[in-house]
Amino acid sequence: MEARERFALTSDEAGKVMRALQRAGAPEALTVSTCNRSEFYLAGLPIPQLKRILDSALSQFSGANVSAYWMELENRAAVSHLFRVASGLDSMLLGETEVLGQVKEAFQRAREIGAAGIFFNEVFNRALHAAKRVRSETAVGVGTVSLASIARGTLQRDLGDLSEKRVLLIGTGEIGEQVARCFVSGGAGRLTILSRTLARAERLAAEVGGEAADISQKCALFAASDGIVCASAAPYYLVRRGEAEASLRSRPVSMVDLSHPRNIDPEIREMENVRLYAMDDLRAEIDRNLERRRQELPAAEAIVQQETAQLSRWHAALPLAETVKQLRSRLEQVRQAELERVAGRLSEAEAQAVDEATRRILQKLLHDPTLALKSFDANDPSHAHKIALFRQIFGLKE
């Protein structure tokens with residue numbers, strides 16, 4: 001935990017680390033930092049060199065070498081891991097979608113500072129594509145699995161469209177904050193945040209665009225609310241049956257108690273026009289949704305492996321593509337040099353005719369060698385030897 005906290009990077013800090021990795025010699029570097037993971041992707045040099053660069057840059061950043069705490073993945077295994085991360089398959093909550101946005105943001109940041117080149121452009125675009133395929137072709141992201149989202153879904157099921165409803169949130173701790181953000185992003189019409197400490201309610205309300213209230217206004221707010229969510233750490237009931245009976249109107253009210261121990265008196269469940277849901281009720285639905293997601297995991301993993309294999313084939317073809325590119329460039333340089341050498345002895349019409357003729361000759365000469373190169377498999381040692389020999393014959397650089 002201490003090591004993770006040391007590398008929990010803000011957006012600005014992640015940018016500084018990427019620049020540090022660049023200065024240390026990494027041709028391409030990218031950092032993904034979320035609430036429970038910090039990952040460093042490097043490419044463009046032999047792996048032992050990249051490891052030394054990573055150790056050097058991160059020890060400078062953190063003031064200590066924490067390599068004993070991290071997991072290292074190389075080549076295809078690293079790519080497969082990235083694809084699983086982007087698809088939500090490596091998250092604490094299987095199938096969650098937030099990490100995809102975080103990967104996308106990290107990629108965009110790396111592009112902006114020049115830390116992502118040709119290789120990472122391909123890798124991370126394919127990671128985003130793999131994640132989209134997992135979302136569209138499987139049900140691994142179906143059904144809510146967070147307390148905040150399932151609380152919102154529960155109220156929507158009971159009350160209908162929340163944009164016309166008033167929701168009271170009691171509590172401003174970690175779960176309370178998640179609930180507030182979830183309800184506001186989900187279109188809750190009017191969210192009032194109540195806390196035993198008014199300043200905390202005001203701070204959270206300002207952040208999410210809600211209203212703040214003091215605990216002394218509790219009963220009046222009961223009467224005005226369509227839905228009540230309790231997410232407090234108080235060791236006693238904050239919503240008692242007597243208060244509810246005195247305050248609640250005759251029309252239906254839905255209550256969700258996310259607290260442990262419970263903060264809403266369970267006897268309220270016996271009241272007419274009140275529906276009360278406790279943690280056990282919500283956990284059962286979360287478990288059902290998680291099980292549905294787990295059943296989709298094999299299909300999602302198959303997509304990840306398909307996309308990883310496609311990237312591997314693209315990567316294996318890079319030396320061939322580079323060889324073809326260099327060969328064409330080399331012969332074109334020879335052609336242009338010869339055209340310049342005779343240009344002074346030719347009329348404009350003659351120069352154009354020679355240019356066109358030599359261009360056609362070059363295209364015909366390149367046709368068979370290009371097809372031969374494209375037929376090679378760079379992963380085959382015997383083919384790799386042929387590619388190297390071809391480059392040597394034509395004097396192409398490594």
Taking the six-membered ring of Y277 as reference, does the cationic atom of R275 (NZ for Lys, CZ for Arg) lie under 6.0 Å from its centre and within 45° of its axis?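 Judged by the rule, R275 and Y277 form no cation-pi pair.
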Side chain [X], main chain [Y], donor-acceptor under 3.5 Å:
| X | Y | value |
| --- | --- | --- |
| E296 | A139 | yes |
| Q22 | G114 | yes |
| R203 | L198 | no |
| S329 | K325 | no |
| N289 | I286 | no |
| E96 | V99 | yes |
| E28 | G117 | yes |
| T138 | V140 | yes |
| R152 | F183 | no |

Go through the steps for E245 and R240 under the test salt bridge (Lys or Arg N to Asp or Glu O under 4.0 Å), then give the verdict. CA-CA 9 Å; E245 288 177 330; R240 300 180 181 277; over 6 Å; no
Please report the closest heavy-atom contact between [X] and [Y], naming both atoms and the distance.
| X | Y | result |
| --- | --- | --- |
| A127 | A86 | O-CB, 3.9 Å |
| A29 | M18 | O-SD, 3.6 Å |
| P235 | P261 | CA-CG, 4.2 Å |
| P252 | L159 | O-CD2, 4.5 Å |
| A224 | R166 | O-CD, 3.5 Å |
| S232 | S259 | N-OG, 3.1 Å |

Do R391 and T323 have side-chain atoms, one donor and one acceptor, less than 3.5 Å apart?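 Note: R391 and T323 side chains meet the donor-acceptor criterion.
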Under a 3.5 Å cutoff, is there a donor and acceptor pairing between the side chains of Q326 and E322?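 Yes, side-chain donor-acceptor contact under 3.5 Å.
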Interatomic spacing from CG in D214 to OG in S195 - rounded to 0.5 Å: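 Here the interatomic distance stands at 8.5 Å.
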Do [X] and [Y] have side chains that approach each other closer than 4.5 Å (heavy atoms only, starting at C-beta)?
| X | Y | result |
| --- | --- | --- |
| I228 | I170 | yes |
| L365 | L331 | no |
| E301 | R84 | yes |
| V167 | T192 | no |
| H315 | R76 | no |
| V354 | L346 | yes |
| Q178 | L147 | no |
| I193 | L191 | yes |

Would you check, one step at a time, whether the test side-chain hydrogen bond (donor to acceptor under 3.5 Å, both in side chains) holds for T10 with D12? CA-CA 5 Å; T10 65; D12 288 342; 5.4 Å; no
So with a 6.0 Å cut-off around [atom1] of [X], is the heavy-atom count from everything else above 12?
| X | atom1 | answer |
| --- | --- | --- |
| I118 | CD1 | no |
| E98 | CD | no |
| E137 | CD | yes |
| Q392 | CD | no |

I'd like to know whether E13 forms a side-chain contact (heavy atoms from CB on, under 4.5 Å) with T31, so could you lay out the CA-CA distance, the side-chain angles of the two residues, the decisive distance to 0.1 Å, and finally the verdict. CA-CA 10 Å; E13 289 171 337; T31 298; over 6 Å; no
If we check side chain to side chain contact (heavy atoms under 4.5 Å, CB included) with F40, which of these qualifies: L9, I53, L30?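 Of the listed options, the one satisfying the test is L9.
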Taking the basic N atoms (NZ, or NE/NH1/NH2) and the acidic carboxylate oxygens, is any pair closer than 4.0 Å for [X] and [Y]?
| X | Y | result |
| --- | --- | --- |
| E291 | R294 | yes |
| E72 | K51 | yes |
| R359 | D355 | yes |
| R126 | E122 | yes |
| R109 | E112 | no |
| D257 | R262 | no |
| E270 | R241 | yes |
| E332 | R335 | yes |

Would you say [X] and [Y] are hydrophobically clustered, going by side-chain heavy atoms of ILVMFWY under 4.5 Å?
| X | Y | value |
| --- | --- | --- |
| Y236 | L276 | yes |
| F394 | V324 | yes |
| Y237 | V274 | no |
| V134 | L94 | yes |
| M279 | V229 | yes |

Kindly indicate, with the supporting measurements, whether the criterion side-chain contact (heavy atoms from CB on, under 4.5 Å) is fulfilled by K218 and L194. CA-CA 8 Å; K218 182 174 65 174; L194 186 149; 4.1 Å; yes
Please assess Y41 against F124 for the test ring pair (Phe, Tyr, Trp, His ring centres under 6.0 Å), listing each intermediate value before the final yes or no. CA-CA 11 Å; Y41 293 88; F124 280 83; 5.6 Å; yes
Can you list the steps and then say if E356 with R360 is a salt bridge (Lys or Arg N to Asp or Glu O under 4.0 Å)? CA-CA 6 Å; E356 180 63 26; R360 289 199 301 268; 3.3 Å; yes
Run the side-chain contact (heavy atoms from CB on, under 4.5 Å) check on K386 and L389 step by step: do they pass? CA-CA 5 Å; K386 292 176 181 178; L389 183 61; 5.6 Å; no
Steps toward salt bridge (Lys or Arg N to Asp or Glu O under 4.0 Å) verdict (E350, R345): CA-CA 9 Å; E350 290 172 332; R345 302 198 298 268; over 6 Å; no
From CA spacing to verdict: salt bridge (Lys or Arg N to Asp or Glu O under 4.0 Å), D158, K165: CA-CA 11 Å; D158 285 356; K165 306 298 181 182; over 6 Å; no
Mind running side-chain hydrogen bond (donor to acceptor under 3.5 Å, both in side chains) on S80 and Q305 for me, showing each step along the way? CA-CA 7 Å; S80 179; Q305 293 310 311; 3.2 Å; yes
side-chain contact (heavy atoms from CB on, under 4.5 Å) assessment of L248 paired with E243: CA-CA 8 Å; L248 294 179; E243 295 172 325; over 6 Å; no
